[in-house]
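Before any comments, here is the structure.
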Amino acid sequence: MGTTTLTPRTPAEIRPSIFTDEHEELRGSLRSFIARELKPFASEWEAAGWFPDEVFTKLGDAGFLGLTYPTEIGGQGGDYLSGLVMKEEMAHCGSGGVSMAVAVQTDMATPPILKFGTKDQQEEYLRPAIAGTKIACLGITEPGAGSDVANIQTVAKRDGTDWVINGRKVFITNGVRAHYCTLVARTNKQAGYQGFSLFIVPTDSEGWSVSRKLDKLGMRSSDTAEIALDDVRVPADALLGEEGNGFPQIMWELQGERLIGIAGSIAGSRALLNRCIDYAKERKTFGRPIGRNQAVSHALVAMEEKIEAAQQLIYDAAWSFASGGYPVQEISMAKLYGGIVTNEMTNLAMQIFAGSAYTTAVDIERAWRDTRLIRIGAGTDEIMREVIAKTMGL
Amino acid sequence: MSMFDGSQPITPPSGIAYPLFREEHEQLRESIRRFVDKEISPFVEEWEEAGDFPQDLYLRCGEIGFFGLKFAEEFGGSGPDFLAAAVFNEELARCGAGGVAAGLGAHTDLASLYVGNYGTKQQLERWLVPSIKGEVIGALAVTEPDAGSDVASLRTRAVKDGDSYVIDGSKTFITNGSKADYVVVAARTGGEGHAGISLIVVEKQTPGFSTNRLQTVGWRTSHTAELFFDSVRVPAENLLGGVEGEGFKQIMGNFGWERLAMALASNAAAQKTLDAGIAYASERQAFGRPISKFQVWKHRFADLASEIAASRSLTYHALRRYVLGEPAIREIALAKSLACELDWRVADECLQVHGGWGYMMEYPVQRAWRDSRLGPIGGGTTEIMREIVAKLHGLG
């Protein structure tokens with residue numbers, strides 16, 4: 001002190017939230033679109049284990065698939081946070097599967113094309129993805145390499161100017177219906193972490209096949225594929241970004257994927273908490289609302305503490321990421337903590353709604369199943385702890 | 001909405017001041033950290049042993065300006081800047097002794113702040129100005145043997161008698177109680193319930209006023225005391241704010257900052273405890289390697305660090321609302337409860353990583369374990385925090 005003069009910030013200088021009025025307007029229009037176009041069909045799609053491809057074109061027509069992409073390529077030119085708003089609102093669509101499939105399109109398979117792709121690749125793959133006319137999937141995981149990305153066995157070999165790709169991919173969201181795949185393959189066995197590259201592989205390429213559509217515990221409306229690549233020949237310009245740079249490129253992609261994924265989960269948790277509070281005020285046992293029992297009300301508030309904390313951590317990480325930072329530790333912490341909280345919330349909702357939640361008539365059981373994936377996908381809890389520990393110098 | 005028909009771009013926001021603290025706050029943080037490292041931490045063991053810390057520390061904090069952060073220049077302060085005060089709370093919590101932080105905090109965040117917020121001109125001159133200089137020490141006395149979180153049922157009575165109030169009753173668990181030069185006392189001047197409560201300042205030497213210091217599990221350098229008022233006669237001008245019946249409102253109005261301060265301190269203390277736990281685990285060898293290399297500990301540290309990060313984000317969110325002038329009752333209650341519970345849990349886990357040494361008095365972790373246990377009790381228990389939020393939702 002002494003020499004330091006403090007100029008207090010005036011309230012006008014402090015923003016109450018990371019979002020602007022524009023974001024809130026976007027939130028409003030997303031909310032009504034989702035309530036009208038997606039929510040009413042969620043149960044039907046869940047039962048079918050599939051939702052129609054028109055969901056992509058409808059979202060594309062409305063501009064929602066390109067919120068964060070530049071206008072030159074057909075996007076809306078919004079910032080990273082507008083994508084976050086989108087993901088938060090998708091949590092209200094009633095089906096984790098739809099939300100996840102759309103997030104793969106907007107935040108997992110396509111950001112590398114904008115960041116590392118050529119103009120031609122962007123025209124060929126990004127523009128139609130934004131329009132919803134081409135569906136994308138992301139091919140990282142393999143039967144023998146999940147979180148352990150460095151163990152990827154799929155190989156891309158040069159043959160003249162072409163690349164010939166062989167391998168297996170598994171748990172590929174949108175994989176059954178996708179028009180192309182943003183794929184990680186090994187291009188140099190001797191080069192370690194420098195031996196990976198990204199490719200854009202059209203799914204109508206000869207040798208590409210969906211060996212199985214996997215049946216899942218939750219996220220049932222989304223399609224999950226096992227893919228076989230047998231001598232898939234792609235031209236030189238299928239290479240995305242620099243040869244040998246695939247590992248850092250995919251690590252970068254994973255940061256955005258984790259953050260957007262957990263933002264959606266926690267937005268869903270908050271909505272579920274509100275539903276539980278409303279229900280606890282209505283539902284009566286022994287002549288009074290169950291919410292009058294402290295066993296119920298305090299359990300809900302204890303949950304609210306964690307949901308609110310997770311959400312603010314996500315916002316802090318998102319702010320940093322949106323401002324050009326690369327907050328691996330914060331994002332990993334948000335995903336780890338948020339994932340656990342989300343699962344606690346769906347389990348609490350199961351308990352509050354009790355018998356009715358255990359039936360499929362109320363969609364609590366769906367949320368309960370859907371949310372379980374967040375602690376596995378895009379890096380398990382255990383992998384997050386490893387990443388965090390590493391950033392802490394442990 | 002036409003804006004999102006796909007034809008018009010969203011303008012990326014620019015120049016948003018989202019981060020809370022500015023450059024000056026970080027400079028302040030550095031200078032407080034240096035002060036704490038040099039003038040507090042090295043003496044903590046000695047002071048804990050003695051069960052006391054020197055009065056001079058108040059004078060030093062006053063001299064440097066730490067007690068003036070929340071108050072205007074006309075009273076000798078440099079603010080009001082509650083972000084700066086938040087930084088002070090966080091850094092002080094890192095000193096390694098909850099009692100020292102509590103002793104200084106009860107003075108500046110409770111007693112001084114009450115006088116600063118509600119005092120008349122004359123009261124500000126008399127108690128706030130010397131409080132900012134650290135020349136006098138204040139305490140706040142609300143809790144009674146039969147009225148803790150349930151403030152509205154307090155029984156200490158202040159009866160108007162000419163130009164005086166005559167106070168009878170008792171208070172308990174009062175931090176700084178047995179050393180304060182002045183005590184802001186909540187007493188009943190009117191009828192039952194919250195409308196009958198007023199705050200009255202009682203000075204140390206007033207006849208009939210006596211104290212009894214209590215032995216505490218942690219916070220051992222803090223003077224936590226019972227106060228007894230036996231026909232204590234104080235001038236009527238000691239009525240804080242000069243109007244009777246305002247006490248309950250005044251107390252409720254200040255709970256926000258008290259709880260925020262506790263949340264801020266708890267997060268900072270938890271981080272400090274975790275850092276020390278990790279440092280120990282990195283040195284201590286078992287089966288030929290540091291125990292920090294065992295995955296069970298690595299992962300537990302990662303979990304705790306994540307929880308602290310989340311708790312800090314929540315507390316800053318509540319602080320943000322508070323400095324924007326909102327009561328932020330829900331956010332503050334959530335933050336206080338989460339942070340204080342977490343601080344103790346972190347201490348418990350870090351005690352565990354110390355193994356047998358965790359149970360010995362030689363390592364500071366035992367003190368963190370004892371000190372942090374007060375968090376979920378003081379300033380409104382965790383249960384009260386949850387009851388507050390439940391009521392806001394129309395539950396209970």
Side-chain angles (χ1 to χ4, degrees), chain A residues 1-2 4-9 11 13-16 18 20 22 25-26 28-29 60-64 67 71 75-79 81-82 277 280-281 291-292 294 296-298 300-302 304-306 308-310 312-313 315-316 319 330 333-334 336-337 382 384-386 388-389 392 394, chain B residues 1 3-13 16-20 22 24-25 27-28 31 64-66 69 78-81 83-84 278 282 292-293 298-299 301-303 305-307 309-311 313-314 316-317 320-321 323-325 331 334 337-338 383 386-387 389-390 393-396:
Chain A
M1 288 280 296
T4 320
T5 5
L6 287 162
T7 336
R9 274 189 202 277
E13 287 179 286
I14 302 171
R15 293 200 62 82
I18 59 172
T20 63
E22 261 174 322
E25 252 180 76
L26 168 64
S29 65
D61 287 345
F64 294 140
L67 290 171
T71 50
Q76 300 295 307
D79 61 348
L81 300 178
S82 46
I277 291 171
K281 287 193 269 193
R292 294 284 293 276
Q294 287 185 323
V296 171
S297 66
H298 284 216
L300 287 168
V301 175
E304 184 175 358
E305 291 164 9
K306 295 188 229 176
E308 188 108 356
Q312 295 307 326
L313 179 58
Y315 289 167
D316 286 345
W319 177 263
E330 268 178 294
M333 286 176 163
L336 172 64
Y337 182 77
E382 292 71 22
M384 291 304 99
R385 293 188 181 106
E386 288 289 323
I388 295 162
M392 290 166 70
L394 288 165
Chain B
M1 293 211 129
M3 187 173 167
F4 299 109
D5 62 1
S7 60
Q8 284 185 19
I10 302 169
T11 335
I16 300 175
Y18 179 69
L20 258 184
R22 51 176 16 164
E24 293 104 289
H25 293 119
Q27 287 167 12
L28 174 68
S31 76
I64 304 168
F66 297 150
L69 300 171
S78 61
D81 183 350
L83 292 176
I278 291 172
S282 307
S292 65
K293 296 281 180 209
K298 228 166 66 168
H299 283 198
F301 289 143
D303 275 323
S306 302
E307 290 184 64
S311 177
S313 285
L314 173 58
Y316 283 170
H317 171 64
R320 179 183 301 275
R321 298 282 164 155
V323 295
L324 281 167
E331 290 85 349
L334 294 175
S337 161
L338 190 75
E383 291 72 20
R386 292 184 179 156
E387 197 59 24
V389 177
H393 289 313
L395 298 164

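FYI, side chains are in, hydrogens and waters are out, and symmetry mates aren't considered; it's all heavy atoms of this structure. Convention: sequence-line order gives letters A, B, ...; per-chain numbering from 1.
- Residues Arg385(A) and Lys298(B) have side chains not in contact (no heavy-atom distance under 4.5 Å, counting atoms from C-beta outward).
- Atoms CG and NE2, on Leu395(B) and His298(A) in that order, are 9.5 Å from each other to the nearest 0.5 Å.
- Rounding to the nearest 0.5 Å gives a distance of 11.5 Å between CG of Leu313(A) and CD of Glu307(B).
- Between the Arg320(B) side chain and the Arg15(A) main chain, a donor and an acceptor come within less than 3.5 Å of each other.
- Residue contact with chain A, scored on non-hydrogen atoms closer than 4.5 Å, involves the side chain of Glu331(B) exclusively.
- If you take CD on Glu330(A) and OG on Ser313(B), they are separated by 6.5 Å, rounding to the nearest 0.5 Å.
- With chain A as partner, the option from Ala309(B), Ser282(B), Ser311(B) having the largest number of non-hydrogen pairs under 4.5 angstrom is Ala309(B).
- Summarising the local packing, NZ of Lys293(B) is surrounded by 12 or fewer heavy atoms from other residues, nucleotides or ligands at distances under 6.0 Å.
- For the atom pair Ser337(B) OG and Lys306(A) NZ, the distance stands at 10.0 Å (nearest 0.5 Å).
- Interface remark: of the candidates Ala280(A), Ala309(A), Ala389(A), Ala309(A) forms the most heavy-atom pairs closer than 4.5 Å to chain B.
- Put simply, of Ser297(A), Ala302(A), Ala334(A), the one with the most heavy-atom pairs under 4.5 Å next to chain B is Ala302(A).
- Distance check: His317(B) NE2 to Ile18(A) CD1 gives 11.0 Å after rounding to the nearest 0.5 Å.
- Taking Glu386(A), Met392(A), Gln294(A), Arg292(A) one by one and counting their heavy-atom pairs under 4.5 Å with chain B, the maximum is reached by Glu386(A).
- What you find for Ala390(B) and Val301(A) is that their closest heavy atoms are N-CG2, 3.6 Å.
- The minimum heavy-atom distance between Met333(A) and Ser306(B), with the atom names listed, is CG-OG, 3.2 Å.
- With a 4.5 angstrom heavy-atom cutoff, Ile277(A) touches chain B via backbone and side-chain atoms both.
- Remark: Glu305(A) pairs with Arg386(B) by the salt bridge (charged side-chain N to carboxylate O under 4.0 Å, His left out) rule, at least two apart or across chains.
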